[in-house]
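Structure first, then comments.
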Amino acid sequence: MSDDAPARDFVRDIVEADRASGALEVVTRFPPEPNGYLHIGHVKSAALNFGIAAEYPEGRCYLRFDDTNPTRESEEYVESMKEDLRWLGFSWEGRLTHASDYFEDLFELALRLVRKGKAYVDDQGPEEIRASRGTLIEPGRESPSRQRATEENEDLLLRMRAGEFPEGSMVLRAKIDMASPNLNLRDPVMYRILHRPHQNTGRRWCIYPMYDWAHGQCDYFEGVTHSLCTLEFEDHRALYDWFLAALEVEPRPRQYEFARLNLDYTVLSKRTLIRLVDAGHVDGWDDPRMPTLRGMRRRGYPPAAIREFCRRIGVTRKDSVVEMGSLEHCVRAELDAAAPRAMCVMDPLKLVIVNYPEDREETLSAPNHPRNPEFGRRELPFSREIWIERADFMAEPAPGFFRLAPGREVRLRFAWLVTCIDYLCDDAGEVREVRCTYDPDTRGGSAPDGRKVKGALHWVCAKRSAAAEVRLFDRLFTVADPAASEDLISVLNPESRRVVPNALVEANLAEASPGAFYQFERQGYFCADAVDSAPGLPVFNRIVTLRDTWARRRQARPEPARSRPPGA
RNA sequence: UGGGGUGUAGCCAAGUGGUAAGGCACGGGACUUUGACUCCCGCAUUCCCAGGUUCGAAUCCUGGCACCCCAGCCA
């Protein structure tokens with residue numbers, strides 16, 4: 001699929017314009033904070049940053065871990081992020097950095113600001129600083145420390161670094177404007193004291209730079225030309241520029257903001273995702289229902305589909321919520337081309353072919369892909385008794401139902417045409433068995449007389465099939481905007497995972513290797529779970545359903561014989 | 001109520017003074033050994049609203065309205 005049309009958006013237009021006016025380099029960076037797992041929202045940013053760099057021969061994109069807060073970050077997250085990004089197909093070659101790689105340079109720059117009288121050590125406590133910051137509509141008050149002599153500021157800063165002071169006792173602040181309507185400019189904190197080990201620098205530091213102080217300067221160190229971030233940093237741009245100007249460094253990187261990704265029926269805030277994991281509402285960060293890369297990978301989403309999705313949604317400055325259906329479309333498109341076909345019966349109903357000899361067994365041949373012969377063919381065992389999907393038979397067919405029913409002829413895919421002559425029920429009235437005759441002239445599934453049958457059923461041989469567990473995933477929440485809900489938990493979809501413990505698959509699928517994916521005909525795309533699937537005992541995750549106009553039609557009607565959860 | 005942003009179809013999104021691209025979704029049809037895929041057709045007389053400028057406005061001007069972000073020693 002990966003479409004021909006190159007992405008175009010306002011950021012790329014800016015880059016183009018800069019090139020047109022003589023800029024030689026295009027340097028970007030993807031700067032995640034290693035304090036959690038990457039989710040699809042991050043991919044939008046990664047795709048933008050890595051994508052733009054890849055569009056120019058001399059373009060570069062750094063993978064830079066924004067690790068300025070040792071209280072929240074860990075090596076584990078660094079590793080998981082690298083792995084997830086590699087899986088997605090992004091590469092950074094030698095350009096893997098950390099904000100912490102620049103701590104020493106950053107400190108030099110801070111000293112420079114202090115000497116210029118543009119930064120000072122404030123010994124007010126956190127509460128005092130907060131109280132004197134003012135509000136949205138009232139200016140702040142200047143700290144008494146603001147008048148401190150340059151030499152004393154320098155001395156204090158050195159001693160902060162040396163570890164002479166306890167956490168919270170003082171900070172380094174930029175001297176800007178306590179009355180600015182932009183709160184970010186009211187003497188923002190540059191360094192705080194944290195006697196904590198850092199995932200990258202160990203115990204070398206006990207003062208750590210704040211994001212605003214570190215980020216722009218790191219961009220400068222790396223020669224970043226276009227520093228792309230999300231909309232909530234818009235107000236920070238003035239500060240970003242102020243630091244660079246105060247430092248008088250050149251050339252200066254420029255910050256541009258774009259809207260972050262939102263997806264309906266899920267949440268993309270790290271805080272909320274953590275809550276779901278910690279409270280056990282999902283099995284972990286790699287739960288197939290999670291919008292994390294690990295979740296999507298385990299679910300079976302192809303990385304190319306995720307990239308294509310990011311290309312399609314575009315990049316703008318408008319807050320937006322993209323429909324899950326858009327992502328699913330990309331997943332289906334990718335899988336339709338890439339997935340070999342197979343048959344799986346989830347809710348088995350026995351079908352007996354009365355005119356087929358009891359002791360006969362034979363093998364039928366089926367293509368593994370309807371359009372692509374390169375997928376080869378496979379053999380399907382067949383015998384007098386087979387399993388079909390319970391939903392494919394109706395004793396009293398509803399209007400529009402063209403599958404099996406008394407007197408109806410349908411095709412058993414790649415096998416024969418069969419006609420229902422009878423069915424048996426148990427005491428509860430539940431259909432237990434369907435009896436058919438088959439037409440021996442229709443081997444392979446087509447009639448020599450050219451007669452058409454509308455229905456085609458998937459099936460497995462009763463004698464030779466394999467058991468499998470199938471997990472049917474659906475959207476995590478029942479409402480489009482769960483984050484807006486007063487009680488997130490109450491709005492979780494209780495049917496976001498339904499387990500079918502005793503599904504039946506073609507015998508050859510018993511050994512499906514973890515991660516292998518298939519289209520189960522007429523049902524959806526599935527992949528052998530990488531964790532729970534074992535040889536001889538496969539577990540299949542439903543990646544996404546097939547489009548199903550029949551189900552949609554039934555759902556639209558008031559007579560919901562088998563009701564499905566929203567979005568099923 | 002200070003500052004910064006954003007309003008084009010159900011959801012994304014082009015468009016930058018010359019008469020509303022495209023995708024998803026949806027509806028209809030064709031094809032079909034998957035009710036899939038593919039293909040065709042349809043889907044905004046109107047661009048948040050109201051005035052104004054202009055031969056001509058989604059685009060320019062004025063005034064409103066709605067929504068988002070900002071008061072961490074988080075990023």
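Here the structure is a predicted model, which is why all the values come from computation and not from measurement. Residue numbers start from 1 in every chain, and the chains themselves are labelled A, B, ... in the order their sequence lines are given, proteins ahead of strands.
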Any base atoms under 4.0 Å from A/Phe233, or only sugar-phosphate, or nothing? Heavy atoms, all strands.
base

Determine the contact category for A/Ile313: base if any of its heavy atoms lies under 4.0 Å from a base atom, sugar-phosphate if only primed atoms, P, OP1 or OP2 are that close, otherwise nothing.
sugar-phosphate

Once you apply a heavy-atom cut-off of 4.0 Å, does A/His458 come out as touching a base, just sugar-phosphate, or nothing?
nothing

Given the side-chain rings of A/Phe402 and A/Trp550, with only the six-membered ring counted for Trp, is the space between their centroids under 6.0 Å?
no

When you get a sec, tell me which of B/C70, B/C37, B/A75 is the closest nucleotide to the side chain of A/Glu73?
B/A75

Going by ring pair (Phe, Tyr, Trp, His ring centres under 6.0 Å), A/Phe243 matches just one of A/Trp213, A/Tyr211, A/Tyr220. Which one?
A/Trp213

Using a 4.0 Å heavy-atom cut-off, does A/Gln124 contact any base of the nucleic acid, only the sugar-phosphate backbone, or nothing at all?
base

Go through B/G35, B/G5, B/A75 for me and flag the one nearest to the A/Glu33 side chain.
B/A75

Do A/Tyr301 and A/Glu328 get their side chains close enough for a donor-acceptor pair, meaning under 3.5 Å?
no

Are any of A/Arg133's side-chain N or O atoms less than 4.0 Å away from OP1 or OP2 of B/G72?
yes

Considering every strand and a 4.0 Å limit on heavy-atom distances, what is the contact class for A/Asp336: base, sugar-phosphate, or nothing?
sugar-phosphate

Tell me whether A/Tyr211 is stacked on the nucleobase of B/A75, counting only the six-membered base ring and applying the 5.5 Å and 30° thresholds.
no

Looking across every strand, which nucleic acid part, if any, lies under 4.0 Å from A/Glu257 by heavy atom: base, sugar-phosphate, or nothing?
nothing

Is B/G72 syn or is it anti, if syn means the base angle is within 90 degrees of 0?
syn

Minimum-distance nucleotide to A/Arg552 side chain [options: B/G27, B/G5, B/A13]:
B/G27

Under 4.0 Å, heavy atoms only, any strand: does A/Arg413 hit a base, just the sugar-phosphate, or nothing?
base

Any stems for RNA chain B, made of 3 or more Watson-Crick or G-U pairs in a row, each with both distances under 3.5 Å?
B:2-7 with B:65-70, B:10-12 with B:22-24, B:26-30 with B:38-42, B:48-52 with B:60-64

Classify the ring geometry of A/Phe520 against A/Tyr518: parallel below 30°, tilted from 30° to 60°, perpendicular beyond 60°.
parallel

So what does A/Phe401 hit on the nucleic acid, given a heavy-atom distance under 4.0 Å: a base, only sugar-phosphate, or nothing?
base

Can you pull out the residues from residues 446-456 of chain A that lie within a 4.0 Å heavy-atom distance of RNA chain B?
A/Ser446, A/Lys454, A/Ala456

Sugar-phosphate only, base, or nothing, as touched by A/Phe402 at under 4.0 Å among non-hydrogen atoms
base

Touch check for A/Thr71, heavy atoms < 4.0 angstrom, all strands: base, sugar-phosphate only, or nothing?
nothing

For A/Glu521, report the nucleic acid contact type (base, sugar-phosphate, nothing); a contact means any heavy atom under 4.0 Å.
base

Once the angle between the rings of A/Tyr208 and A/His198 is folded into 0 to 90°, is it parallel (under 30°), tilted (30 to 60°) or perpendicular (over 60°)?
parallel

Between A/His236 and A/Asp212, do the side chains contain an N or O donor and an N or O acceptor separated by less than 3.5 Å?
yes

Heavy atoms from C-beta onward define the side chain here; which of B/U34, B/G3, B/C73 lies closest to that of A/Met210?
B/C73

Please confirm whether the ring centroid of A/Phe30 lies under 6.0 Å from the ring centroid of A/Tyr62.
no

Taking only the side-chain heavy atoms of A/Lys318 (C-beta and beyond), determine which of B/A13, B/A25, B/U34 contains the nearest atom.
B/A13

Assess whether one donor atom and one acceptor atom, taken from the side chain of A/Arg403 and the base of B/G35, lie less than 3.5 Å apart.
yes

What about A/Arg371: does its side chain form a donor-acceptor pair under 3.5 Å with the base of B/U38?
no

So which of residues 159-173 of chain A are in contact with RNA chain B, with a heavy-atom cut-off of under 4.0 Å?
A/Gly168, A/Val171

Neighbour count >12 (heavy atoms, 6.0 Å) for atom CZ, A/Arg378:
yes

With nearest nucleotide decided by heavy atoms, which residue, A/Val322 or A/Arg547, maps closer to the 5′ end of RNA chain B?
A/Val322

Do you know which of A/Arg413, A/Met343, A/Arg341, A/His458 makes side-chain contact (heavy atoms from CB on, under 4.5 Å) with A/Arg522?
A/His458

Counting side-chain heavy atoms from C-beta on, which of B/A36, B/C11, B/C69 comes nearest to A/Asp235?
B/C69

For B/C12, does either OP1 or OP2 sit under 4.0 Å from a side-chain N or O belonging to A/Ser326?
no

Taking the side chain of A/Asn182 as its heavy atoms from C-beta onward, which of B/A36, B/A13, B/G3 lies nearest to it?
B/G3

Phosphate oxygens OP1/OP2 of B/A75: is one of them under 4.0 Å from a side-chain N or O of A/Arg192?
yes

Counting the atoms with a prime plus P, OP1 and OP2 as sugar-phosphate, which does A/Thr135 contact under 4.0 Å by heavy atoms, base, sugar-phosphate, or nothing?
base

Categorize A/Arg130 for me: base, sugar-phosphate, or nothing, with a 4.0 angstrom heavy-atom threshold over every strand shown.
sugar-phosphate

Please check if any side-chain donor atom of A/Thr71 sits under 3.5 Å from a side-chain acceptor atom of A/Arg196, or the reverse.
no

Are A/Arg317 and B/U6 close enough that a side-chain N or O sits under 4.0 Å from OP1 or OP2?
yes

Any donor-acceptor pair, under 3.5 Å, between the side chain of A/Gln523 and the base of B/U34, if you only look at N and O atoms?
no

Classify the side-chain pair A/Asn69/A/Glu33 by whether it contains a donor and acceptor separated by less than 3.5 Å.
no

Given the options A/Leu268, A/Leu261, A/Leu327, A/Val267, A/Pro291 meets side-chain contact (heavy atoms from CB on, under 4.5 Å) only with A/Leu268

Donor-acceptor contact below 3.5 Å, side chain A/Ser169 vs main chain A/Pro166
yes

Expressed as a whole number of angstroms, how long is the span from A/His236:NE2 to B/G72:P?
11 Å

Just to be sure I understand the rule, does A/Arg411 reach a base, reach only the sugar-phosphate, or reach nothing, if contact means heavy atoms closer than 4.0 Å?
base

Distance under 6.0 Å and angle within 45° of ring axis: A/Arg161 vs A/Trp205
yes

